[in-house]
Amino acid sequence: MIAVTGASGQVGRRVAAGIPEARRLTRKDAEYRDTGRMRQALDGVGTLFLVSARESGDRVAEHRSAVDAAVAAGVQRIVYLSFAGAAPDCTFTFGRDHWHTEQHIRQTGLRWTFLRDNLYQEMLPNLAGPDGVIRGPAAGGRLAAVAYDDIAASAVAALTQDGHDGRTYELTGPEALTMHEVAARLGLTYVPETVEEAYASRAHYGAPAFEVAGWVSSYEAIAAGELATVSDDVRHLTGRDPKPLSPT
């Protein structure tokens, strides 16, 4: 039995559609932080597709709870949807959460596969304000954004085929673009900001500090070149070329 978490989300529902026999889990079925209920939801599951939780101040704790529930339920393998360049000191602050989650999964002794996706292509238009301008401190850095469909197809392959245990895959699009190129491709405009300007321009949202840091540091990661690597892992997993960024 394969269980797919986040089954109502953009990636999870695509993965579930690709594995019709999979058990579909949403937040209504089990919250990651509720270890006991999560364990019950995973009863009889052999392989778990773990989609990362929404950004929060204690997301690593949520992930650990879900992983511990999987262990208690007798799950044998976890395929975890991580993030490109996940490391304890990566520039993108949310990427650090993914690294800590990966480490926890490793320590369980379960079989594992990590799918580290780049930024979502479909989310890039949402970076623009009402004026059609994307603003951020990305400098001249590049990103190899990847489509939901390619992530999902890669996940289906990793979940249903042999030979992926202990492997980490970098899921990217076919090209690395600057934010100027991204904006032009989408019919938008990109205006560079300094880091200080980026924090100031987002202050009016009143979002928690960790969330604003994640927003700003995503651009800083682009500037640092941490999202520029183009991988052939989507092709390796799915047998097809990843989709290029196109207007939505």
Is a salt bridge present between [X] and [Y], judged by a nitrogen-to-oxygen distance below 4.0 Å?
| X | Y | value |
| --- | --- | --- |
| Glu175 | Arg142 | no |
| Asp150 | Arg240 | yes |
| Arg135 | Glu197 | no |

Nearest 0.5 Å please: distance from the [atom1] atom of [X] over to the [atom2] atom of [Y].
| X | Y | atom1 | atom2 | answer |
| --- | --- | --- | --- | --- |
| Arg167 | Leu237 | CZ | CG | 8.0 Å |
| Glu170 | Asp233 | CD | CG | 7.0 Å |
| Leu177 | Leu124 | CG | CG | 9.0 Å |
| Glu220 | Cys90 | CD | SG | 11.5 Å |
| Leu81 | Leu50 | CG | CG | 8.5 Å |
| Asp43 | Arg23 | CG | CZ | 6.5 Å |

Taking all heavy atoms of [X] and all of [Y], pick out the closest pair and write down the distance.
| X | Y | result |
| --- | --- | --- |
| Ala176 | Ala228 | CB-O, 3.4 Å |
| Gly214 | Thr93 | CA-OG1, 3.3 Å |
| Gly173 | Pro242 | C-CG, 3.9 Å |
| Thr229 | Ala144 | O-CB, 3.6 Å |
| Ala86 | Glu102 | CB-OE2, 4.2 Å |
| Asp89 | Arg96 | C-NE, 4.3 Å |

**Asked** Can you check side chain to side chain donor-acceptor pair (under 3.5 Å) on Glu193 and Ser201, steps first, answer last?
**Response** CA-CA 9 Å; Glu193 292 180 312; Ser201 67; 2.9 Å; yes

**Message:** By the definition side-chain contact (heavy atoms from CB on, under 4.5 Å), identify the one residue from Asp34, Leu42, Thr35 that meets it with Met38.
**Reply:** Leu42

Does the side chain of [Y] come within less than 4.5 Å of [X]'s, by heavy atoms?
| X | Y | result |
| --- | --- | --- |
| Phe49 | Tyr80 | no |
| Ser82 | Leu115 | no |
| Val216 | Val195 | yes |
| Thr172 | Val234 | no |
| Ile134 | Val191 | no |
| Arg64 | Thr101 | no |
| His100 | Val60 | yes |
| His180 | Pro192 | yes |

Please answer whether the main-chain N or O of [Y] pairs with a side-chain N or O of [X] as donor and acceptor at a distance below 3.5 Å.
| X | Y | value |
| --- | --- | --- |
| Arg106 | Trp112 | no |
| Ser65 | Tyr32 | yes |
| Gln40 | Arg37 | no |
| Arg39 | Val71 | no |
| Glu226 | Thr91 | yes |

Does the side chain of [X] come under 3.5 Å of the side chain of [Y] through a donor N or O and an acceptor N or O?
| X | Y | result |
| --- | --- | --- |
| Thr26 | Asp29 | yes |
| Tyr169 | Ser231 | no |
| Arg77 | Thr113 | yes |

**Prompt:** Val230: which other cluster members, linking ILVMFWY side chains closer than 4.5 Å, directly or transitively?
**Reply:** none

Are [Y] and [X] co-members of a hydrophobic cluster defined by side-chain heavy atoms under 4.5 Å apart?
| X | Y | result |
| --- | --- | --- |
| Val79 | Val146 | yes |
| Leu25 | Ile78 | yes |
| Tyr219 | Leu188 | yes |
| Leu159 | Leu110 | yes |
| Trp99 | Phe210 | no |

**Prompt:** Which side-chain hydrogen bond (donor to acceptor under 3.5 Å, both in side chains) pairs, counting each pair once, include a residue from residues 45-62, with sequence neighbours left out?
**Reply:** Arg33-Asp58, Arg33-Glu62, Ser56-Asp58, Ser56-Glu62, Arg59-Asp97

**Trace of the side chain to side chain contact (heavy atoms under 4.5 Å, CB included) decision for Asn118 with Leu171** = CA-CA 6 Å; Asn118 206 289; Leu171 306 183; over 6 Å; no

**Asked** Taking it one step at a time, do Thr238 and Val156 satisfy side chain to side chain contact (heavy atoms under 4.5 Å, CB included)?
**Response** CA-CA 9 Å; Thr238 69; Val156 169; over 6 Å; no

**Asked** Can you check side chain to side chain contact (heavy atoms under 4.5 Å, CB included) on Val67 and Val75, steps first, answer last?
**Response** CA-CA 9 Å; Val67 171; Val75 170; over 6 Å; no

Ring centroids only, cut at 6.0 angstrom: are [X] and [Y] within range, meaning strictly under it?
| X | Y | result |
| --- | --- | --- |
| Tyr148 | Tyr120 | yes |
| Phe114 | His98 | no |
| Phe94 | Phe83 | no |

**Request:** May I have the step-by-step check of side chain to side chain donor-acceptor pair (under 3.5 Å) for Thr178 and Tyr190, ending in yes or no?
**Result:** CA-CA 10 Å; Thr178 67; Tyr190 172 64; over 6 Å; no

